[in-house]
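Have a look at the structure below, then the notes.
What you see below is based on every heavy atom in this structure, not just the backbone, and it leaves out hydrogens, waters and symmetry mates. Everything numeric in this text was worked out from a predicted model, so none of it was measured. In the text below, chain A, chain B and the rest are named by the order of the sequence lines, each starting its count at 1.
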Amino acid sequence: MIKWLEYRNSNSKDIVKRSEGESVRILGWVSSKRVHKDKIFLSIRDRYGYLQIVATPEESSDNIFNLAKTIPVESAIAAEGIVKHDPRAPNGVELRLKDLIVISKADIWPVTKSALKSPELMYDKRHLTIRGPRSRAILLIRSGVIKAAMEYFEKNDYVLINAPTFITSAVEGGATLFKLKYFDDYAYLTQSSQFYEEAAICVFEKVYVIQPSFRAEKSRTRRHLTEFWHIEAEAAFADHDDIMKVEEELVSYMLNYLNEHYSGEIKTVKKSGIKIYEPPFPRISYDEALEILHSKGVEMEWGEDFGADEERVLSMQFDTPFFVYGYPASTRSFYHMNDPDRPEVTLSSDLMAPDGYGEITSGGQRIHDYNELYNKIISFGLDPSQYEWYLEIRKYGMPPHAGFGLGVERFMRWILELPHIRDATLFPRTPSRVYP
RNA sequence: GCCGGGGUAGCUCAGAAGGUAGAGCGCCGGGCUGUUAACCCGGUGGUCGCCGGUUCGAGUCCGGCCCCCGGCGCCA
């Protein structure tokens, strides 16, 4: 057995710094191939990117030249060659092939030029199509999104916690939970870690989670997944204004982080790059939003929630992300705290992306008083016994607190202007897809 | 759940008026100036989503069903 990691002494990134004529060994996959009579171009992909290998009859033996000619794309290979700096090569540098070893030969690659136009095929073969340059770039950026969020929270003394996936009661209230067998009983998949965060803030003050949430909504749109990654945070002693500041700082921090560390990948996905927004973001009240809509001829009564059309009209008024706050209590879940100065509205807000990309975050101040929460559960027609532990936290020193949730894939779809939210995930889950 | 669009070669699609199907890409063979999802020539390739009906004859007309895509509702 050959120790491949010891065989390798360079890669697609390192080779740029190597001097002309040096002999190096690399590992990777043949991402594409162009065969001429006396010249073969192989594009090799490794962890760091792409590298061109050129084979000619003069520099390679007949066996190696023929191997390069016939090797199927996406075969895993080891190659040795001479470094040549050449402006005609994609990165200004290439490898003149001396030796080629097929570590694992590939079958005929099923992803053809026209297959790229077939979303269904692309996602049926997602285990293969993720190797494409665009998917590769998006998924690298995704790892940057998670890293940026963690870095922001760690710098601000938040504690990372992990919440359960199996739960027994709904955060939002009902029909959108996935139900599954749990031994002799039933359990559900979580749709938010918020309640668990609220328990945890009484020991850590500030907590965050980054994990999947599940929604059993048959939403046939380009901004819904049944399984999405949720960045959620909760802070004790914080009020609604405090948490909006956290949200805009986080979003801005992530944008700057990505711009700094992932500019190459971003360019692959979106030539113009991402836009950077600095806090504070504009804030408009629900009432002001309603006025704007009325002035644009949208018919809507106070107390109704905004639909997709309304959100679109609103977002046209801004070229930055913006908050809409002060939603009527009837439009928000039971745990939202009502404004003491104006009980018909809640201390809550949504952060909307510009250009019609929709809600990016949703948050607000939670009810910390036991009786207030109990009465609101009743008034929403819900059963307090379903929320026993959640209520009980309020009996043991629950301070005012606030929190929010951000959808990772929605955030990515917005900043990268992806045509569909599934493009932001490795293996998307939608109402019609749980495979592969 | 509601509304709209669509299922024809491995893939993307064309096929108004019923007469057992075409192109491009892929694949195979050959050619080829440093190619970037290379290009050129030739070849290969289809129970026209499924079931039933009308008809001498159905991809094309009628009925039922299944699946996919998008929008809405709901939300991140």
Expressed as a whole number of Å, how far does the P atom of G43(B) sit from that of G49(B)?
28 Å
Using only side-chain N and O atoms of R223(A), determine if any of them is under 4.0 Å from OP1 or OP2 of C75(B).
no
Is the base of G71(B) touched by the side chain of R312(A) through a donor-acceptor pair closer than 3.5 angstrom?
no
When all nucleic acid strands are considered with a 4.0 Å heavy-atom cut-off, which category describes I40(A): base, sugar-phosphate, or nothing?
nothing
Pair of N/O donor and acceptor under 3.5 Å linking G73(B) base with S219(A) side chain
yes
Could I get the full list of side chain to side chain contact (heavy atoms under 4.5 Å, CB included) partners for I101(A), not counting sequence neighbours?
W4(A), Y7(A), A78(A), D99(A)
Residue pairs fulfilling salt bridge (Lys or Arg N to Asp or Glu O under 4.0 Å) with at least one residue in residues 310-331 of chain A, sequence neighbours excluded
D309(A)-R312(A)
Does atom CG of D62(A) have more than 12 heavy-atom neighbours from other groups under 6.0 Å away?
no
Assign each of R332(A) and R413(A) to its nearest nucleotide of RNA chain B by heavy atoms, then name whichever residue's nucleotide is nearer the 5' end.
R413(A)
By ring pair (Phe, Tyr, Trp, His ring centres under 6.0 Å), which residues pair with H127(A), not counting sequence neighbours?
none
Contacts of type side chain to side chain contact (heavy atoms under 4.5 Å, CB included), residue D46(A), not counting sequence neighbours:
N11(A), S12(A), Y48(A)
Do the numbers put R126(A) on top of the ring of F427(A), so that NZ or CZ is under 6.0 Å from the six-membered ring centre and no more than 45° off the axis?
no
Cation-pi geometry met for K179(A) and Y188(A) (6.0 Å, 45°):
no
What nucleic acid atoms does E227(A) come within less than 4.0 Å of, heavy atoms only: base, sugar-phosphate, or nothing?
nothing
Can you measure H224(A) atom NE2 to C72(B) atom P for me and round it to whole angstrom units?
9 Å
Name the pairing partner of G4(B), where a pair is Watson-Crick or G-U wobble with both distances under 3.5 Å, or state none.
C69(B)
Whole-Å P distance, C68(B) and C27(B):
29 Å
Would you please name every residue forming a side chain to side chain contact (heavy atoms under 4.5 Å, CB included) with L128(A), sequence neighbours left out?
W109(A), P110(A), K125(A), R131(A)
Among residues 269-301 of chain A, which residues get a heavy atom nearer than 4.0 Å to RNA chain B?
none
Reckon S432(A) touches a base, only the sugar-phosphate, or nothing at all at heavy-atom distances under 4.0 Å?
sugar-phosphate
Nearest to the side chain of R222(A), heavy atoms from C-beta on, is which of G34(B), A76(B), G71(B)?
G71(B)
Quick one: salt bridge (Lys or Arg N to Asp or Glu O under 4.0 Å) partners of R433(A), sequence neighbours excluded?
D124(A)
Is_stacked (H36(A), G31(B)) at 5.5 Å, 30 deg
no
Hydrogens and angles aside, do T221(A) and H224(A) bring a side-chain donor and acceptor to less than 3.5 Å of each other?
yes
Fit a plane to each ring of Y208(A) and F153(A), take the angle between them on a 0 to 90° scale, and name the class: parallel (under 30°), tilted (30 to 60°) or perpendicular (over 60°).
parallel
S213(A) side chain N/O closer than 4.0 Å to the phosphate oxygens (OP1, OP2) of A76(B)?
no
Given the C1' atoms of G24(B) and A37(B), what is the spacing between them in whole Å?
14 Å
In whole Å, I'd like the distance from the CG atom of L97(A) to the P atom of G34(B).
17 Å
Taking the side chain of E120(A) as its heavy atoms from C-beta onward, which of A76(B), C72(B), C68(B) lies nearest to it?
C68(B)
Under 4.0 Å between a side-chain N/O of R220(A) and OP1 or OP2 of G71(B), yes or no?
no
According to the Watson-Crick and G-U wobble definitions, with both distances under 3.5 Å, which nucleotide is paired to G46(B)?
none
Mind checking if D86(A) touches a base, just sugar-phosphate, or nothing, with heavy atoms under 4.0 Å?
base
Please report, rounded to the nearest Å, how far the P atom of A37(B) is from the CZ atom of R136(A).
15 Å
Applying ring pair (Phe, Tyr, Trp, His ring centres under 6.0 Å) to Y390(A) and not counting sequence neighbours gives F195(A)
Write down the distance separating the C1' atoms in U20(B) and G64(B), rounded off to the nearest Å.
25 Å
Can you tell me the pairing partner of C39(B) across any strand shown, Watson-Crick or G-U wobble, with both distances under 3.5 angstrom?
G31(B)
Under 3.5 Å, which protein N or O atoms sit close to an N or O of nucleotides 11-13 of chain B? Give each pair with its distance.
unit_1 : atom_1 : unit_2  : atom_2 : d
C11(B) : O2'    : S114(A) : O      : 2.8
C11(B) : O2'    : S114(A) : OG     : 3.4
C11(B) : O2'    : A115(A) : N      : 3.0
C11(B) : O2     : S114(A) : OG     : 2.5
U12(B) : OP1    : S118(A) : OG     : 2.9
U12(B) : O2'    : K117(A) : NZ     : 3.4

Using a 4.0 Å heavy-atom cut-off, does V35(A) contact any base of the nucleic acid, only the sugar-phosphate backbone, or nothing at all?
base
Check salt bridge (Lys or Arg N to Asp or Glu O under 4.0 Å) between E154(A) and all other residues, then give those that pass, not counting sequence neighbours.
none
Could you give the CD1-to-P distance, from I53(A) to U36(B), as a whole number of Å?
18 Å
Classify the nucleic acid contact of G358(A) as base, sugar-phosphate or nothing, counting any heavy atom under 4.0 Å across all strands shown.
nothing
Starting the side chain at C-beta, find the nucleotide from C68(B), G71(B), U35(B) nearest to Q52(A).
U35(B)
Just wondering, do F411(A) and A76(B) stack (centres under 5.5 Å, planes under 30°)?
no
Provide, to the nearest angstrom, the distance between the CZ atom belonging to R45(A) and the C1' atom belonging to U36(B).
16 Å
Provide, to the nearest angstrom, the distance between the CG atom belonging to L42(A) and the C1' atom belonging to A38(B).
14 Å
Distance check, C1' atoms only: C48(B) and C41(B), in whole angstrom units.
30 Å
Contact class for R131(A) (heavy atom, under 4.0 Å): base, sugar-phosphate, or nothing?
nothing
Can you identify which nucleotide, out of G34(B), U33(B), C72(B), has its nearest atom closest to the R88(A) side chain?
G34(B)
Spacing between E197(A) atom CD and A76(B) atom C1', to the nearest angstrom
14 Å
Set out, line by line, the N/O atom pairs under 3.5 Å between protein and nucleotides 27-30 of chain B.
none

Does a side-chain N or O from H420(A) land closer than 4.0 Å to OP1 or OP2 of G70(B), or not?
yes
How about S43(A) and K33(A): does a side-chain donor come under 3.5 Å of a side-chain acceptor?
no
Any strand is fair game: report the nucleotide pairing with C75(B) by Watson-Crick or G-U wobble, both distances under 3.5 Å, or none.
none
Rounded to the nearest angstrom, tell me the gap between atom CZ in R433(A) and atom C1' in C67(B).
13 Å
For K155(A), which residues count as a side chain to side chain contact (heavy atoms under 4.5 Å, CB included) partner, sequence neighbours excluded?
E151(A), Y253(A)
